[in-house]
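Reviewing the structure listed below.
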Amino acid sequence: MNDRYDVVIAGAGPAGAQCARDLAARGYDVVVLETEVEAEFPRQSNKSTAGTFHSMMAAFGIPDDVVMQYTDSVVLESPTEHYVREQTGAVLEFADFKRYLVSDSRDDGAEYRFDARVTAPIMDGGEIVGVTYNGDEEVYGDIVIDATGPAAPLAKELGVVDLKRENHAIGIEYEFEGIDIDRPGFADLRDAMMLRLDHEIAPGGYSWIFHTGEDTAKVGLCYIQNDSHDRYSRNDFTIDDYLSHWLETDPRFRDAEQIEGKQHRGSAHIQLPGTLHTDRFMAIGDTVPSLDPLWGEGINKCMQSGRAAAATADSCLKHDGVEPTAENLEVYDTLWHRDVAPNAKSRLLMTQLLYLAPNDRYDELMRDLQRLDDDTLANANSGDPLAIARLLGLEDAPLLVDLAKQQLSPGLRSLLS
């Protein structure tokens, strides 16, 4: 078995597999190390709602046969109101999607080693030159990429990322049949992806229903374990309790039954990223915090970061004598901030404001969106300060004060409380 490659990638999720896909297509020797066994892949890592938009499908050449349902609209719900925006999208069968990325990259020569848990970097002269996996196995590469998500064993050891627990988002999702998709009094969710802002269901986060055909849908919720969650949460409730509460109280689920084996859990971090690379190393996908206040678009972010890392690796490896030093890999940071998560600071502020707001403000937001043009929401979600300002009013002054307090040190925050 070969132990030296151009690029070693830890993690076969959308980011790692897409990076391998692009590198293999360019003719590089690339190996991907994946914790799960191949016969069960993806199981533990099958954690995404798998909602995406046609721009991602087209940009990365994703085939129709991994799509569960094409959708015509996105819906935002609050406790008593809703807003509908016509926008086409796709709900993927996430397991099929991930297996497709692996298969397609293998066709171009990428090697995969499953049941291979990466444990630590191999260092030489202060630089990473390879990784250990499964305790004592070793593999070496000119460039190493961490695409393991929040586990981040390589990125943490190298000091590239610093993932804060207070910014840790957790999520749970089931797939159901027997859902009343077009129930009177609610938005029509046929061929739609719906996000609900309601602290009774997801304190400091949001819940969702993604239609997957006939009376079936993906149903889940997530929240960030921060001050907003602490303010609205119940002390005795776990994330499973919140989902059960929603299923028991929402009439759309009165006759719903869980589809066996269709349960997914996941996590991510919502915070401003720091450095994304160092000598001979890049962190991609959910290993690096990314920001999308409303739609999440985690799949697209992961795919984009994998592509940016592949382009950066190519810029070094294709030239003899060009070493993948931190300086030469700087282009990855540039591409990430330009293409993957532009306007990161303002988008994070938008996210924090959104989850601080009380339920009655969510109802008002839906009414505001109904009178504003569709571009306002899209631009605010992209971090446009003027668009964000259009969504704010005088009644939001207390939210802005709370947000300012969150930005202060704990000591100053306590003085102002």
Side-chain angles (χ1 to χ4, degrees), residues 4-34 52 55-62 97-113 118 128-131 139-149 152 154-155 158 160-161 273 275-288 290 297-320 322-342:
R4 293 191 176 275
Y5 296 84
D6 295 318
V7 181
V8 176
I9 301 173
Q18 180 58 44
C19 188
R21 196 177 172 214
D22 282 354
L23 287 167
R26 289 178 168 94
Y28 293 110
D29 291 327
V30 56
V31 63
V32 182
L33 307 175
E34 168 55 43
T52 191
S55 57
M56 191 285 288
M57 301 286 288
F60 294 97
I62 306 303
F97 166 66
K98 291 178 73 172
R99 285 191 286 265
Y100 165 75
L101 295 178
V102 170
S103 174
D104 194 55
S105 56
R106 271 178 163 167
D107 288 345
D108 282 329
E111 180 184 333
Y112 282 78
R113 298 184 190 178
V118 171
I128 185 171
V129 295
V131 302
V139 64
Y140 295 84
D142 292 330
I143 295 174
V144 176
I145 294 175
D146 191 336
T148 59
L154 304 176
L158 295 171
V160 172
V161 301
T275 304
L276 310 176
H277 75 286
T278 187
D279 292 325
R280 301 183 180 275
F281 178 82
M282 290 176 279
I284 68 174
D286 285 343
T287 302
V288 180
S290 61
E297 278 212 271
I299 292 174
N300 197 19
K301 302 295 183 192
C302 287
M303 301 281 279
Q304 288 174 323
S305 67
R307 174 152 288 176
T312 302
D314 177 57
S315 70
C316 290
L317 297 174
K318 69 182 178 182
H319 298 295
D320 291 337
V322 176
E323 294 294 318
T325 62
E327 182 180 3
N328 289 331
L329 294 179
E330 180 71 29
V331 66
Y332 173 59
D333 277 46
T334 301
L335 292 175
W336 194 93
H337 286 286
R338 188 192 73 184
D339 300 335
V340 181

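Residues satisfying the side-chain hydrogen bond (donor to acceptor under 3.5 Å, both in side chains) criterion with Q18, sequence neighbours excluded, are R21, D22. Evaluation of the salt bridge (charged side-chain N to carboxylate O under 4.0 Å, His left out) rule for R26 yields D314 as partners, not counting sequence neighbours.
A pairwise comparison of heavy atoms in N328 and E323 identifies ND2-O, 2.7 Å as the closest pair. Minimum heavy-atom separation, L23 to A310: CD2-O, 3.7 Å. Between P324 and I143, the closest heavy-atom pair is CB-CG1, 3.6 Å. Smallest separation of non-hydrogen atoms from A110 and A24: N-CB, 3.8 Å. The shortest non-hydrogen separation linking A15 to G285 is CB-CA, 3.5 Å. Between A10 and V118 the shortest heavy-atom distance is CB-CG2, 3.7 Å.
The shortest distance between side-chain heavy atoms of D6 and V30 does not fall below 4.5 Å. Contact of the L154 side chain with the T148 side chain is not registered, since no non-hydrogen atoms from C-beta on lie closer than 4.5 Å. Residues H277 and T275 meet the side-chain proximity criterion, which asks for heavy atoms closer than 4.5 Å. No side-chain heavy atom of V160 sits less than 4.5 Å from a side-chain heavy atom of V288.
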Give the C-alpha distance, both sets of side-chain angles, the deciding distance and a yes or no for side-chain contact (heavy atoms from CB on, under 4.5 Å) between E34 and Y112.
CA-CA 7 Å; E34 168 55 43; Y112 282 78; 5.5 Å; no
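In this structure, the separation between NZ on K301 and CG on D286 is 12.0 Å, given to the nearest 0.5 Å. Atom CG of L158 is separated from atom OG1 of T278 by 6.5 Å, given to the nearest 0.5 angstrom. With values rounded to the nearest 0.5 angstrom, F60 atom CZ is found 9.0 Å from T52 atom OG1. Distance check, rounded to the nearest 0.5 Å: CG of D146 to CG of L33 gives 11.0 Å. L317 CG to D29 CG: the interatomic distance, rounded to the nearest 0.5 Å, is 10.5 Å. Of the inter-residue distances, the one linking S315 atom OG with L329 atom CG reads 7.0 Å to the nearest 0.5 angstrom.
With respect to Q304, the side-chain contact (heavy atoms from CB on, under 4.5 Å) criterion is satisfied by exactly one of I284, V340, L335: V340. Applying side-chain contact (heavy atoms from CB on, under 4.5 Å) to P14 and the options C302, C19, S305 leaves one that passes, C302.
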